[in-house]
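The chain is numbered in sequence order, starting from 1.
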Amino acid sequence: MLSAFTNAFRTPDLRRKILFTIGILTVFRVGSVIPAPNVNLQNIDTCRIQATTGDAAGIYSMINLFSGGALLQLAIFALGIMPYITASIILQLLTVVIPRLEALKKEGGAGQQKITQYTRYLTIVLAVMQSTAFVTMAVTGQLFQGCALPVVYDATLFPIIVMILTMTAGTGIVMWLGELITERGVGNGMSIMIFTQIAAAFPAQTWGIALSRGTTEFMGVTLPNSAGWMAFLVVLAVGFVVMLGVLFVEQAQRRIPVQYAKRMVGRRLVGGSTTYIPLKVNQAGVIPVIFASSMLYLPMMMSQFFPDNPVSQWVGSNLMPGQSLWYNLLEFVLIIAFAYFYVSITFNPEEVADNMKKYGGFIPGIRAGKPTERYLAHVLSRLTAPGALYLAVIAMIPAIAFILLGTAGQFPFGGTSILIVVGVGLNTVQQIQSQLQQRNYEGFLR
């Protein structure tokens, strides 16, 4: 692997792509720690530490999941890439519902470019709405429950508008940086930026688990005690085991063989090849977990605006992430439901069967047409069941960590975070490997 890594940097164009990606990610992380105008740094740090270590640590860990800590600091890039991800999901769902978007999707590159343009517009709209909501919560003291310190210097209209515009502009810059990585760097820019934000919180969260068991002083430095070191090692061991399991399932697939009959095209005899349709066990990816987390996050967010309402009080006490039985049950059911829903809209057995029939392809032992469609739907449903259960079980790891270690809010190796980190890391390494193999080099994965 080290020799392959050296070969990657010896290739001039690949080295430029890797260094360009690292440079963009550096700019992204710097913007995630620069506060927006009118933010009281000292007070917001005090409130943030109090919130992330208190009883409501679960909801704040969810807020920080996709921002790498930038949101609770009210940084320039506080919203991160989430408005763009949300807009992409909305447009993807609307493509199935709105005929105009479905027609654009079938037009190829030109239609996809138009859908990307609509996604950008929707991203800015969502960024304005989310930045207005979070700035309002910060000004009114609802962002950090139980902290009476003012987190802004001036609560008049003009400074508030400046903060909203700054965060919205930050979202536009993040979207542009992600597209630059996709065009000139290595891997998918948006996915790598999410990977960076989540991975940035791993060291602090893991070290926080060690310190939560007790501390000791050594030469003026605060270190964990023996119980803390033991918890630290156990968390690392569990994290590596979970990563190996996720890596194994993410690469698992059912290959359905497809044969193409020979046919005459002009004066040439074409076809006669054998290929396969790769159906992954986790065909939906991490989208069902994001959908479920977003659905459960909405009532928690609304309860912050109306803390004295009886419904908000019930939501706050019964839908606490990682600790509440109701939250865990709802998340488990929603992940399975969204997995089936997302697979049904992204893989159409009827369309695949029609395309195979059009080009003379067939599955050995299965007649073309409707029998092929029913066979693909049957196989897909059988694969979706273990894939959905796998996603739901992985998402329950923080709840298990709370039961065993009492640190659900700080446990980093679980749920959406571990799925995104492993998935994005695997895809990026595979892209680098494919580019190395094109130049007769050994890849990262042997």
Side-chain angles (χ1 to χ4, degrees), residues 1-37 39 41 64-85 87-88 113 116-117 119-120 123-124 127 131 165-205 412 417 420-439 441-445:
M1 179 175 177
L2 292 178
S3 61
F5 190 76
T6 303
N7 289 332
F9 273 90
R10 285 177 179 174
T11 307
D13 56 341
L14 189 55
R15 181 177 64 245
R16 285 194 298 268
K17 289 182 178 180
I18 294 176
L19 294 178
F20 179 81
T21 303
I22 294 175
I24 293 295
L25 293 179
T26 302
V27 174
F28 177 55
R29 287 306 302 163
V30 170
S32 298
V33 297
I34 298 178
V39 175
L41 282 179
N64 264 341
L65 178 61
F66 294 105
S67 67
L71 184 56
L72 294 185
Q73 296 178 5
L74 295 181
I76 296 176
F77 295 164
L79 301 180
I81 201 66
M82 276 310 295
Y84 184 86
I85 298 298
S88 300
Q113 186 176 3
T116 302
Q117 187 176 1
T119 305
R120 293 170 183 165
T123 299
I124 298 301
S131 60
L165 293 179
T166 301
M167 291 184 182
T168 304
T171 300
I173 294 175
V174 168
M175 180 171 56
W176 175 61
L177 294 177
E179 293 179 354
L180 283 180
I181 293 178
T182 303
E183 294 175 2
R184 305 180 185 179
V186 177
N188 182 278
M190 303 304 173
S191 300
I192 291 178
M193 296 178 85
I194 294 179
F195 172 91
T196 305
Q197 287 180 310
I198 295 176
F202 272 18
Q205 289 180 339
S417 58
I420 292 177
V421 167
V422 175
V424 174
L426 180 63
N427 291 334
T428 305
V429 169
Q430 288 176 344
Q431 287 194 23
I432 296 177
Q433 178 196 20
S434 64
Q435 295 192 34
L436 285 175
Q437 289 177 343
Q438 291 176 1
R439 296 167 177 83
Y441 287 130
E442 290 184 349
F444 283 161
L445 304 177

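Closest approach of I181 to M193, counting heavy atoms only: CD1-CG, 4.3 Å. Of all non-hydrogen atoms in F77 and F28, the two that sit nearest each other are CD1-O, 3.4 Å. When all heavy atoms of A75 and S32 are compared, the pair lying nearest together is CB-O, 3.2 Å. Closest heavy-atom contact between T166 and A36: CG2-CB, 4.4 Å. Here the closest heavy-atom approach between residue V39 and residue Q73 is recorded as CG1-O, 4.1 Å. Taking all atoms of both residues into account, the shortest heavy-atom contact from K17 to R184 is CG-O, 3.4 Å.
Within 6.0 Å of CZ on R15 lie more than 12 heavy atoms contributed by other residues, nucleotides or ligands.
In this structure a side-chain-to-backbone donor-acceptor pair under 3.5 Å is present from T182 to G189. Counting only distance, with no hydrogens or angles, the side chain of T21 and the backbone of V186 share a donor-acceptor pair below 3.5 Å.
Looking at T123, L79, I124 one by one, the single match for side-chain contact (heavy atoms from CB on, under 4.5 Å) with T168 turns out to be I124.
Y84 has its side chain within reach of T119: a pair of non-hydrogen atoms, C-beta onward, lies under 4.5 Å apart.
We find the CD1-CD1 distance between I76 and I34 to be 5.0 Å, quoted to the nearest 0.5 Å. With values rounded to the nearest 0.5 angstrom, L14 atom CG is found 9.5 Å from L19 atom CG. Rounded to the nearest 0.5 angstrom, L74 CG and S131 OG are separated by 11.0 Å. Separating the CE atom in M190 from the CE atom in M175 is a distance of 7.0 Å, to the nearest 0.5 Å. In this structure, CG in L25 is found 4.0 Å from OG1 in T196, a value given to the nearest 0.5 Å. Here CD1 of I192 is found 11.5 Å from CD1 of I24. Values are rounded to the nearest 0.5 Å.
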